[in-house]
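Below is one structure; the comments refer to it alone.
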Amino acid sequence: MKQPAISFIILFWIFLSLFIFPINVHSIDATLNLNGFEKGEGGGGPAECDGKYHSDDDPIVALSTQWYNNGQRCFKYININYQDNSVQAMVVDECDSNAGCKDDIVDASRAVWSALQVPKSLYGEVGVTWSDA
């Protein structure tokens, strides 16, 4: 093959792979908080996305107001990374920054903490990174 044909094929595959296998390398620093999503727990009322309570055994999160983005992330998954572990969790709620929630919060269910293998002695609040899945 001639050099231009090979270059075209390589560029075509790179271009195609960006659309078929998009890579999200944008990680955001955040504080992971332990949150309860079941009725009667400290997480407050039902979730903003659907007005329902959710099981703490499901990998779910509430995001600070800016990240919640007026519900644009409802029922979408995010990747959460802690040390060498990661988990995908579904956004079901907002941590309202206008009602005292800090701007860098990912409130997560017990299932998320367990999947990230955070030692129970650290349950409550740890630094993580997250990105859209």
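Keep in mind that this is a model prediction, so the values were computed, not measured.
Grouped by direct or indirect side-chain proximity (heavy atoms under 4.5 Å, Ile/Leu/Val/Met/Phe/Trp/Tyr only), Ile80 sits with Ile28, Leu32, Leu34, Val61, Leu63, Trp67, Tyr68, Ile78, Tyr82, Val87, Val91, Val106, Val112, Trp113, Leu116, Val118, Leu122, Tyr123, Val126, Val128, Trp130. Its side chain outside the 4.5 Å cluster rule for every partner, Ile105 clusters with none of the Ile, Leu, Val, Met, Phe, Trp and Tyr residues.
Sorted by first and then second residue, the disulfide bond (SG atoms under 2.5 Å apart) pairs with a member in residues 51-90 read Cys49-Cys74; sequence neighbours excluded. Residue pairs meeting the salt bridge (Lys or Arg N to Asp or Glu O under 4.0 Å) criterion with at least one member in residues 109-128, sequence neighbours excluded, are Asp56-Arg110, Asp57-Arg110. Evaluation of the disulfide bond (SG atoms under 2.5 Å apart) test over residues 102-133, restricted to residues two or more places apart or in two chains, returns none.
Legend: residues meeting salt bridge (Lys or Arg N to Asp or Glu O under 4.0 Å) with Arg73, ordered by chain and number and at least two apart, are Asp132.
Here CG of Asn98 is found 10.5 Å from OG of Ser64. Values are rounded to the nearest 0.5 Å. The NZ atom of Lys52 sits 14.0 Å away from the CG atom of Asp93 when rounded to the nearest 0.5 Å. In this structure, CD in Gln66 is found 11.0 Å from CD in Glu94, a value given to the nearest 0.5 Å. Annotation: the span from Lys76 atom NZ to Met90 atom CE amounts to 13.0 Å, rounded to 0.5 Å.
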Requested in this report: Tell me, with the steps shown, if Ile60 and Ser109 meet side-chain contact (heavy atoms from CB on, under 4.5 Å).
Outcome: CA-CA 6 Å; Ile60 53 176; Ser109 66; 3.8 Å; yes

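Few gaps surround OH on Tyr53; more than 12 heavy atoms of other groups in view lie less than 6.0 Å from it.
Side chains of Ser97 and Asp103: a donor-acceptor N/O pair is present below 3.5 angstrom, by distance only.
When all heavy atoms are compared, the tightest approach of Ser86 to Asn81 is CB-OD1, 3.0 Å. Between Pro59 and Gln88, the closest heavy-atom pair is CB-O, 3.7 Å.
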